[in-house]
Every structure is written in structure tokens, then in C-alpha cells.
Protein chains: 2
Amino acid sequence: MTGVSPKTRIQKKNTRAILEAALEIFSKHGFRGSTVDQIADAAGLSKPNLLYYFPTKEAIHLELLAGLMDTWLAPLRQLDTDGDPVDEIIGYVLRKLTMAQELPRESRLFANEIVQGAPRIIDQIEGDLRDLVNEKCDVIQGWIKQGKLADVDPHHLIFSIWATTQQYADFDAQIRGILRPRNDAHFSDAARFLETFYRSALTVR
Amino acid sequence: MTGVSPKTRIQKKNTRAILEAALEIFSKHGFRGSTVDQIADAAGLSKPNLLYYFPTKEAIHLELLAGLMDTWLAPLRQLDTDGDPVDEIIGYVLRKLTMAQELPRESRLFANEIVQGAPRIIDQIEGDLRDLVNEKCDVIQGWIKQGKLADVDPHHLIFSIWATTQQYADFDAQIRGILRPRNDAHFSDAARFLETFYRSALTVR
DNA sequence: AAAGAGTTTGACCAAATGGTCAGGAACACG
DNA sequence: CGTGTTCCTGACCATTTGGTCAAACTCTTT
């Protein structure tokens with residue numbers, strides 16, 4: 001039987017272990033750079049056993065990406081039309097930064113995929129993601145029209161938020177390399193920087 | 001003979017073709033995702049012939065990375081202590097954005113490398129790059145002390161500039177996917193956004 | 001035009017890799 | 001406790017891939 005959808009106790013345990021291991025490996029080496037053996041090792045299974053649960057390496061990768069997309073979009077979903085505009089945006093920035101800190105592997109998994117042209121998730125990007133972004137851009141545009149937010153292009157504002165927050169996960173090696181041997185707690189510095197930065201850029205005066 | 005340093009007419013032509021082809025392939029598929037055959041094809045050479053000029057696949061990759069590092073740092077080098085602080089930073093932002101537009105392959109080459117932990121360029125990051133960044137951070141800190149620039153962490157300011165500009169090359173697939181079917185000239189929108197954004201965030205009032 | 005250096009190639013190799021399969025071991029359940 | 005299902009494994013396979021090599025070809029130089 002191939003491509004089992006988790007039912008039994010053992011199936012649940014093992015599919016969970018495989019996805020966890022795959023996240024670890026794929027996020028570190030990219031799709032092509034990861035081997036089924038590596039994933040099987042990390043999951044504590046033999047290769048044939050792993051392939052008993054997922055038919056192919058690609059199936060694991062797809063399941064991972066699909067399963068994480070929701071988590072990934074959650075912070076943007078929370079953006080509240082009725083809140084204070086600047087605070088709402090700052091809140092979004094800080095939520096995204098927290099995600100970069102707490103889920104760096106997920107961030108890198110997406111980064112790896114997108115840098116290489118997003119071949120496997122272009123549909124989700126042009127679907128759910130685009131819809132959500134456009135919806136929230138309308139909200140932001142509304143705030144701007146009400147004079148509650150500086151006049152900036154909403155799409156590029158969102159892009160900038162993704163870039164400035166996710167870099168702390170995706171380009172961690174670079175940032176650590178440059179900051180070394182300075183403090184290791186650069187996330188709180190980043191939070192301070194981003195908050196004052198976005199507040200000062202977005203506040204209407 | 002292995003690892004020829006270009007001397008003859010043919011050597012110059014072929015090493016150039018190989019590096020150009022390698023940039024194309026590596027930036028698209030990453031190191032592990034690229035094959036020597038692909039590069040040889042793109043360069044119009046046979047595999048053994050390619051390996052006559054470079055001893056290994058890794059040697060090509062290293063040569064590329066090392067050769068491009070200078071180009072990559074040039075915009076930051078131009079940051080002028082004696083210029084107007086805000087204009088200098090804006091100028092840097094726009095130069096980096098132009099590079100993302102004109103040299104997206106180079107940007108993605110680095111992005112691929114850094115996302116995966118920068119195993120092959122960590123030395124350069126912790127060497128030349130770090131030194132240059134620290135030097136320029138001192139300049140920025142000086143401007144801040146003189147009250148000519150808003151008080152922000154210089155390191156994180158630079159990180160944010162890298163992130164907001166390079167994303168237009170590195171995450172091109174995502175940005176196009178979201179903006180589609182809108183205009184294709186999003187670089188000028190990005191330039192407008194970034195200029196007003198950084199100006200408004202950095203100007204002292 | 002011959003010699004020697006530089007260049008190119010087909011054939012080949014070893015290792016790595018994704019995936020298969022027949023059968024055995026462990027488990028659930030009546 | 002027996003039986004059918006689920007789970008697991010060693011052995012195996014085809015393909016891909018990085019790299020080698022001897023031989024052949026071509027270019028330059030005298």
C-alpha cells in the first residue's frame with residue numbers, strides 16, 4: 001500500500017517523524033540536495049520503510065509545503081480592519097519576526113523553493129496567497145484613503161515586511177557571520193529596529 | 001593540465017563561456033541541483049572538455065562566488081561619508097535595487113548559497129564583508145550622532161536594505177505570482193516605494 | 001610542413017541515488 | 001491462540017552523476 005493517510009497509531013507516529021525529519025533536511029539542503037537516505041536516517045527509519053509511507057521523495061516535499069502554507073499565512077490573516085492601522089501593521093511585522101525566529105526551518109523551506117522559481121507551489125502562490133494579499137492590500141488602501149496611514153504602495157509594503165522579517169531566518173548564516181562575535185540575541189535588536197522603523201515610516205504627520 | 005588560468009585566446013573564450021553558463025545554471029538550480037552536463041551544454045562544450053578547464057564542479061562554483069563578491073559589495077563601498085546622509089542611504093538603496101534588476105542571477109547565486117548556510121563563502125562573509133559593513137556602520141553611527149539621521153541600529157538598517165532590494169531578484173517568482181496579471185514594470189514601483197519609505201523613516205524631524 | 005603545445009572527444013568507471021520487491025516480523029482482533 | 005492485516009527489512013536494480021583517460025585533433029610557431 002502506497003501513500004497511506006494516517007490511521008493507525010504507528011502510521012501517525014511514523015508519518016509525523018518523517019515530515020519532521022524531512023523539514024529538517026529539506027530546509028537545510030533544498031530538494032535536490034536532500035537524499036531519501038538522509039531523511040530516513042533522521043526519522044529513524046529504513047529507506048524502504050519510509051517509502052512505505054510516502055511513495056516518492058517528491059510526495060514528502062509536497063505534503064510538507066501544502067501542510068505549512070496555512071501556518072505561514074496566519075499572521076497576515078490576523079490583520080484587523082478595525083484596529084489602529086499603524087499598530088496593526090507593526091503587530092503583523094512582529095508576528096512575522098517571531099515566526100522567523102521560532103520556525104526558521106519552515107521559512108527556509110519556502111525560501112529554497114521560491115529562489116528556484118517556486119516550481120512546486122506556484123499554484124498556491126497565484127491562488128490562496130494572492131487572494132489573501134490582495135484582500136489585505138484593499139484594507140491597507142482603505143486606511144491610507146482615510147488618512148490613517150502614510151501613502152505607500154500596499155503590495156510593496158507587504159513585500160518589504162516579508163523581506164525584512166524572513167531574512168532573519170533565511171539569511172541567518174550571513175547575519176550571524178557579520179554580527180559575530182557580537183551578541184547572539186539579535187532578534188530583540190531586530191524587533192526594536194523594525195518597530196521604530198515601520199512606525200516612523202507609516203505614521204501620518 | 002587541470003585548472004588552467006586563462007592565457008590563450010581559446011582558454012579565455014572557454015573559461016568565460018563556462019562561468020557564464022555556470023552562473024545561469026547554478027543560480028537557477030543551486031549547487032546540488034545543477035549537473036556538470038547541464039553547465040557543459042549551456043557553455044557549448046562537452047563534459048570532459050569543460051573538466052579540462054576546471055578540475056571539479058565545485059571549483060567552478062567557487063570561482064564564480066569569489067569573482068562576484070567584489071561586484072556585490074561595490075554599491076556599499078560607494079557610500080560616502082561626506083554626502084548628505086539621507087541621500088547617501090537612498091542612493092545605496094537604489095543602487096542595490098538596480099543590481100537586483102540587472103544582475104538577478106548573481107543575487108540568486110548568493111541567495112542559494114546563504115540559505116543553505118553559506119558553507120562555501122562563510123570566510124568571505126566573516127572577512128571582507130564584515131569589515132566593510134562595520135566600517136560603513138561607523139559612518140552611519142556618526143551621522144546619527146550628528147543628528148543628521150534618525151536613530152536606528154546601523155547593522156539592522158543595512159540588513160533591511162539588503163532584504164528589501166534583493167528580494168526582487170531572489171523571490172521574483174513569488175512577487176510576479178502575486179502581482180500578476182498586473183503590470184510587469186514593478187521595479188519602478190519598488191523604487192518609488194523604497195525611496196519614500198526609507199526617506200520617511202530616516203529623516204530627522 | 002613538421003614539431004610541439006594546446007584542445008577535444010568517446011568510452012569508460014565508481015559511487016550515489018531513487019525506487020522496487022519478496023518475504024519475514026509484529027501487531028490487532030476475534 | 002490463530003489469522004489476517006499492518007509494518008519492516010535486506011537484497012537488488014536502473015539511472016544519474018562527477019570525474020578519468022588515452023587517443024585524436026587542431027592550432028601556433030619556427
Side-chain angles (χ1 to χ4, degrees), chain A residues 1-65 112-113 116 119-120, chain B residues 1-65 112-113 116 119-120:
Chain A
M1 183 180 300
T2 52
V4 190
S5 54
K7 282 182 62 183
T8 75
R9 177 180 59 87
I10 296 178
Q11 277 171 27
K12 277 184 186 156
K13 190 190 70 170
N14 283 347
T15 53
R16 205 186 302 272
I18 290 169
L19 289 174
E20 158 67 23
L23 175 59
E24 183 73 22
I25 302 296
F26 280 142
S27 68
K28 208 176 277 177
H29 309 290
F31 181 75
R32 286 284 312 264
S34 305
T35 71
V36 178
D37 272 312
Q38 283 177 311
I39 299 171
D41 271 3
L45 300 176
S46 69
K47 182 167 62 167
N49 197 11
L50 181 149
L51 290 167
Y52 168 74
Y53 291 98
F54 290 89
T56 62
K57 175 181 163 185
E58 184 144 12
I60 308 175
H61 195 244
L62 274 175
E63 174 104 1
L64 259 188
L65 287 170
N112 260 310
E113 184 65 13
Q116 301 189 4
R120 286 170 262 264
Chain B
M1 184 180 299
T2 53
V4 190
S5 54
K7 282 184 64 184
T8 75
R9 177 178 58 88
I10 296 178
Q11 276 170 27
K12 276 184 187 155
K13 192 190 70 171
N14 282 346
T15 53
R16 204 187 303 272
I18 291 169
L19 289 174
E20 158 67 23
L23 174 59
E24 183 72 22
I25 302 297
F26 280 142
S27 69
K28 208 177 276 176
H29 309 290
F31 181 75
R32 286 286 309 267
S34 305
T35 71
V36 178
D37 271 311
Q38 283 177 311
I39 298 171
D41 271 3
L45 300 175
S46 68
K47 183 167 62 166
N49 198 10
L50 181 149
L51 290 168
Y52 168 73
Y53 291 97
F54 290 89
T56 62
K57 175 181 162 184
E58 184 143 12
I60 308 174
H61 195 243
L62 273 175
E63 174 105 3
L64 259 188
L65 287 170
N112 261 309
E113 184 65 13
Q116 301 188 5
R120 285 170 265 264

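In what follows, chains carry the letters A, B, and so on, assigned in the order in which the sequence lines appear, proteins first and then strands, with residues in each chain numbered from 1. Small disclaimer: the values here were computed from a predicted structure and weren't measured.
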Worksheet item: Any idea which of D/dT9, C/dT8, D/dT6 is nearest the B/Y52 side chain?
Response: C/dT8
Worksheet, complete the sentence: d(B/Y52 OH, B/Q11 CD) to nearest 0.5 Å is 5.5 Å
Worksheet entry | Separation of D/dG18 P from B/F54 CZ (nearest whole Å) | 16 Å
Which atom pairs, donor and acceptor, lie under 3.5 Å between side-chain atoms of residues 23-36 of chain B and protein residues at least two apart or in another chain?
| from | atom 1 | to | atom 2 | distance (Å) |
| --- | --- | --- | --- | --- |
| B/E24 | OE1 | B/R105 | NH1 | 2.8 |
| B/E24 | OE2 | B/K28 | NZ | 3.3 |
| B/S27 | OG | B/L23 | O | 2.8 |
| B/S27 | OG | B/E24 | O | 3.1 |
| B/R32 | NH1 | A/G33 | O | 3.3 |
| B/S34 | OG | B/I25 | O | 3.3 |
| B/S34 | OG | B/G30 | O | 2.6 |
| B/T35 | OG1 | B/Q38 | N | 3.0 |

Fill in: A/Q38 CD to C/dA16 C1', straight-line distance once rounded to whole Å
11 Å
Worksheet entry | Distance test, side-chain N/O of A/T8 to OP1/OP2 of D/dT6, below 4.0 Å | no
Worksheet item: Are side-chain heavy atoms of A/L19 and A/F54 found at a separation under 4.5 Å?
Response: yes
Worksheet item: For DNA chain D, whose closest nucleotide is more 5', that of A/L50 or that of A/K47?
Response: A/L50
Worksheet, complete the sentence: Whole-Å distance, B/K12 NZ to C/dG6 P, equals 15 Å
Worksheet item: In terms of side-chain heavy atoms of A/K57, which of C/dG18, D/dC8, D/dT20 is nearest?
Response: C/dG18
Item to complete: Check whether any side-chain nitrogen or oxygen of A/N14 sits under 4.0 Å from OP1 or OP2 of D/dC8, and answer yes or no.
Response: yes
Worksheet item: Please give, in whole Å, the distance from D/dT17 P to B/F31 CZ?
Response: 13 Å
Could you list, one pair per line, each protein nitrogen or oxygen that sits under 3.5 Å from a nitrogen or oxygen of nucleotides 21-28 of chain C, together with the distance?
| from | atom 1 | to | atom 2 | distance (Å) |
| --- | --- | --- | --- | --- |
| C/dA28 | OP1 | A/R9 | NH2 | 3.2 |

Worksheet item: Picking from D/dT17, D/dT6, D/dT9, which would you name as closest to the side chain of A/R32?
Response: D/dT17
Response to the item:
Atom NE2 of A/H29 and atom C1' of C/dA16 are separated, to the nearest Å, by 15 Å
Practice prompt. Nearest whole angstrom, please: distance from the C1' of D/dG19 to the OH of B/Y53.
Written response: 18 Å
Worksheet item: Which value, rounded to the nearest 0.5 Å, describes the distance between A/E63 atom CD and A/L65 atom CG?
Response: 10.5 Å
Worksheet item: Atom CG of B/N49 to atom C1' of D/dC25: distance rounded to whole Å?
Response: 12 Å
Item to complete: Nearest 0.5 Å please: distance from the NZ atom of B/K57 over to the CG atom of B/L62.
Response: 12.5 Å
Discussion item. In this structure, how many angstroms lie between the P atom of C/dC12 and the CG atom of B/L51, rounded?
Written reply: 19 Å
Worksheet item: Can you tell me if the side-chain N/O atoms of A/Q11 get under 4.0 Å from OP1 or OP2 in D/dT6?
Response: no
Discussion item. Looking at every heavy atom in both B/I18 and B/I39, which two are closest together, and how far apart are they?
Written reply: O-CG2, 4.2 Å
Item to complete: State the OG1-CD1 distance between A/T15 and A/I60, to the nearest 0.5 angstrom.
Response: 11.0 Å
Worksheet, complete the sentence: Which of D/dG18, D/dC8, C/dT17 is nearest the side chain of B/V36? It is D/dG18
